[in-house]
Amino acid sequence: MPLALLALAVGAFGLGTTEFVMMGLLPDVANDLGISIPTAGHLVSAYALGVVIGAPLLAAVTARMSRRTVLIGLMGLFVAGNALSALAPGEGWLLAARFLGGLPHGAFFGVGAVVATNMVAPERKARSVSLMFLGLTLANIAGVPVATLMGQHFGWRATFLGVSAIGLAAIASLALLIPRDHTQAPAVGLRRELVTLRSVPVWLALGTTVAGFGALFSAYSYITPMLTDAAGYADSSVTLLLALFGVGATIGNLVGGRLADHSLRGTLFGGLTSLVVVLALFPALMSAQWSAAVAVVLLGMAAFVTGSPLQLMVMEKAAAAPSLASSANQAAFNLANAGGAWIGGLALAAGLGTTSPALTGAALAVLGLGVAGVATVVDRRRVDVPAGRERLVAAHLPEQVEAVRH
């Protein structure tokens, strides 16, 4: 694997750290700014909103630029957002800075995935994507705990200055290691990029991402009360247990990348099926501390096995505009984050029990399997349709749905 993938992983490490560290810093930020913790929670939403808006927008606007230049520019925007977060004088400025810091997140992963796959042989594409995502999973093991401790000892502003330093290191790595000859984007116009997203297979792939990772976040968003109330862990143990989730996610990410190079769709279906099983067993696993710890690791493994296959599948379905589609997949991931947490919260609010978000997550994973199954049927049907008729089907959705039905 090219050393250049290390530069992408460094950038992913910084992005993953700043995305999740705010959750651990909410009390400190709230106390310093004189706001409530629920109000401070809007800072998490501001970053996610920046990701959802920035991912497809920045990918589309930079479609004709050198991807190496785009990656460096995106990390520059990331550094600016985090530096401004550290200097923000009040809540409003911090909200704006967090939104700015989230804008490059999805586009970086989207464009970076395209660059990663262009630097390797076709049979190693999924592994190259998984190595870039390795920075994201390692952020949950080391980056977030260290950054949280830094914020608790030196103030939350020091955390964002530290993350800015990671961004500067990523810029230097990208400039030094990313080769220019693999990063020139094809000269396609913005209109053609956007037209590519009209493809039904692309939307089915994005829908699989929303449902599959919505299943993860339905449970993971409420993992702390499950561990403390159901499994009986002390609050002080939760940080270590969340690091175990990062270990499981790292293992799943690497295994998924390797397996997907042999069978992309088989790895996707296997990962979603394992996610259904793990989430369905969560209430039983949370009955004892040792099994709860195992459940946290298994959840990370099952969820992130599907990360690389989903990213690569979206890129393949939108071959004419892989950067835009790949970035849109990151927006879908963040929609899954918000939607999964909301659905899991509904189960808790209905009084279904502390572990009920895991069961709603299992239902979402089943939905993801269903969407992936529909995508398989559509793909097989498109292979059998003559080229001229396929263009007609792609242009007119009702005709395509009728073709699949018969």
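Because the structure is predicted, anything quoted here is derived from the model rather than measured.
- Residues N140 and L242 have side chains not in contact (no heavy-atom distance under 4.5 Å, counting atoms from C-beta outward).
- Counting heavy atoms from C-beta on, the side chains of T376 and F269 come closer than 4.5 Å.
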Might you work through the side-chain contact (heavy atoms from CB on, under 4.5 Å) test for I223 and M286, ending with a clear yes or no?
-> CA-CA 10 Å; I223 193 68; M286 285 292 157; 4.1 Å; yes
Ring pair (Phe, Tyr, Trp, His ring centres under 6.0 Å) between F217 and F333, worked out | CA-CA 10 Å; F217 286 110; F333 178 86; 5.4 Å; yes
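- For the pair R98 (side chain) and Y47 (backbone), a donor-acceptor distance under 3.5 Å is absent.
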Take T354 and D229 through the test side-chain hydrogen bond (donor to acceptor under 3.5 Å, both in side chains) and record every step on the way to the result.
-> CA-CA 7 Å; T354 306; D229 298 345; 4.7 Å; no
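- Counting non-hydrogen atoms of other residues, nucleotides and ligands closer than 6.0 Å to NE2 of H262 gives a total above 12.
- A side chain to side chain contact (heavy atoms under 4.5 Å, CB included) with N334 is found for one member of I53, L49, V52, V210 and no other, namely V52.
- No donor-acceptor distance shorter than 3.5 angstrom exists from the side chain of S263 to the backbone of A260, with no hydrogens or angles considered.
- To the nearest 0.5 angstrom, L94 atom CG is 8.0 Å from E91 atom CD.
- When atom types are taken as modelled, the side chain of S218 and the backbone of T360 share no donor-acceptor pair closer than 3.5 angstrom.
- Within the structure, the salt bridge (charged side-chain N to carboxylate O under 4.0 Å, His left out) test picks out the following pairs touching residues 152-165 (sequence neighbours left out): D32-R157.
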Apply side-chain hydrogen bond (donor to acceptor under 3.5 Å, both in side chains) to S130 and N253, showing your working.
-> CA-CA 6 Å; S130 71; N253 174 55; 4.8 Å; no
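- Counting heavy atoms from C-beta on, the side chains of P283 and L359 come closer than 4.5 Å.
- No donor-acceptor pair closer than 3.5 Å links the side chain of S237 to the backbone N or O of Y233.
- Here the closest heavy-atom approach between residue S291 and residue A288 is recorded as OG-O, 3.1 Å.
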Stepwise, does the side-chain contact (heavy atoms from CB on, under 4.5 Å) test hold for R67 with T62?
-> CA-CA 8 Å; R67 288 171 180 147; T62 60; over 6 Å; no
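- Here the shortest heavy-atom pairing between L77 and P104 reads CD2-CD, 4.0 Å.
- Between L103 and L100, the closest side-chain pair of non-hydrogen atoms falls below 4.5 Å.
- Rounding to the nearest 0.5 angstrom, the gap separating the CG atom in L285 from the OG1 atom in T355 is 10.5 Å.
- Between the side chain of T159 and the main chain of G151, a donor-acceptor pair closer than 3.5 Å is present.
- Listed here is the closest heavy atom pair of S327 and V111: OG-N, 4.1 Å.
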Under the ring pair (Phe, Tyr, Trp, His ring centres under 6.0 Å) criterion, do F245 and Y220 qualify, and how do the steps go?
-> CA-CA 9 Å; F245 172 83; Y220 186 67; 4.2 Å; yes
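- Counted by atom type alone, S128 and T117 present zero donor-acceptor pairs between their side chains at under 3.5 Å.
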Let me see the working for F109 and F133 under ring pair (Phe, Tyr, Trp, His ring centres under 6.0 Å), right down to the final yes or no.
-> CA-CA 8 Å; F109 279 107; F133 283 151; 5.6 Å; yes
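- The distance from atom CE of M75 to atom CD1 of I166, rounded to the nearest 0.5 Å, is 9.0 Å.
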Step by step, work out the side-chain contact (heavy atoms from CB on, under 4.5 Å) result for M301 and V255.
-> CA-CA 9 Å; M301 290 178 61; V255 171; over 6 Å; no
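- F108 is not listed as a side-chain neighbour of L58, based on a closest heavy-atom distance of 4.5 Å or more.
- With values rounded to the nearest 0.5 angstrom, T69 atom OG1 is found 11.5 Å from I178 atom CD1.
- The two residues A219 and A358 make their nearest non-hydrogen contact at CB-CA, 3.9 Å.
- For the pair T267 (side chain) and G256 (backbone), a donor-acceptor distance under 3.5 Å is absent.
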Might you work through the ring pair (Phe, Tyr, Trp, His ring centres under 6.0 Å) test for H105 and F78, ending with a clear yes or no?
-> CA-CA 8 Å; H105 182 112; F78 167 80; 8.4 Å; no
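- Once rounded to the nearest 0.5 Å, the distance linking NZ of K125 with CG of L264 reads 11.0 Å.
- Across all their heavy atoms, A83 and S164 have their closest contact at N-OG, 3.2 Å.
- Between L71 and L8 there is a side-chain heavy-atom pair separated by less than 4.5 Å.
- Minimum heavy-atom separation, G212 to L275: O-CD2, 3.5 Å.
- Panel note: side chain T208, backbone L204; a donor-acceptor pair is recorded below 3.5 Å.
- R124 has no carboxylate O lying under 4.0 Å from a charged side-chain N of D261, or vice versa, which leaves the two without a salt bridge.
- The shortest side-chain heavy-atom distance between I141 and T250 falls under the 4.5 Å cut-off.
- For Q311 (side chain) and V129 (main-chain N/O), no donor-acceptor pair under 3.5 Å exists by modelled atom type.
- A 4.5 Å side-chain heavy-atom check between L268 and M313 finds at least one atom pair inside the cut-off.
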Criterion side-chain contact (heavy atoms from CB on, under 4.5 Å) on T224 and L241, from CA distance to verdict | CA-CA 9 Å; T224 296; L241 291 164; over 6 Å; no
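- W156 CH2 to M150 CE: the interatomic distance, rounded to the nearest 0.5 Å, is 14.5 Å.
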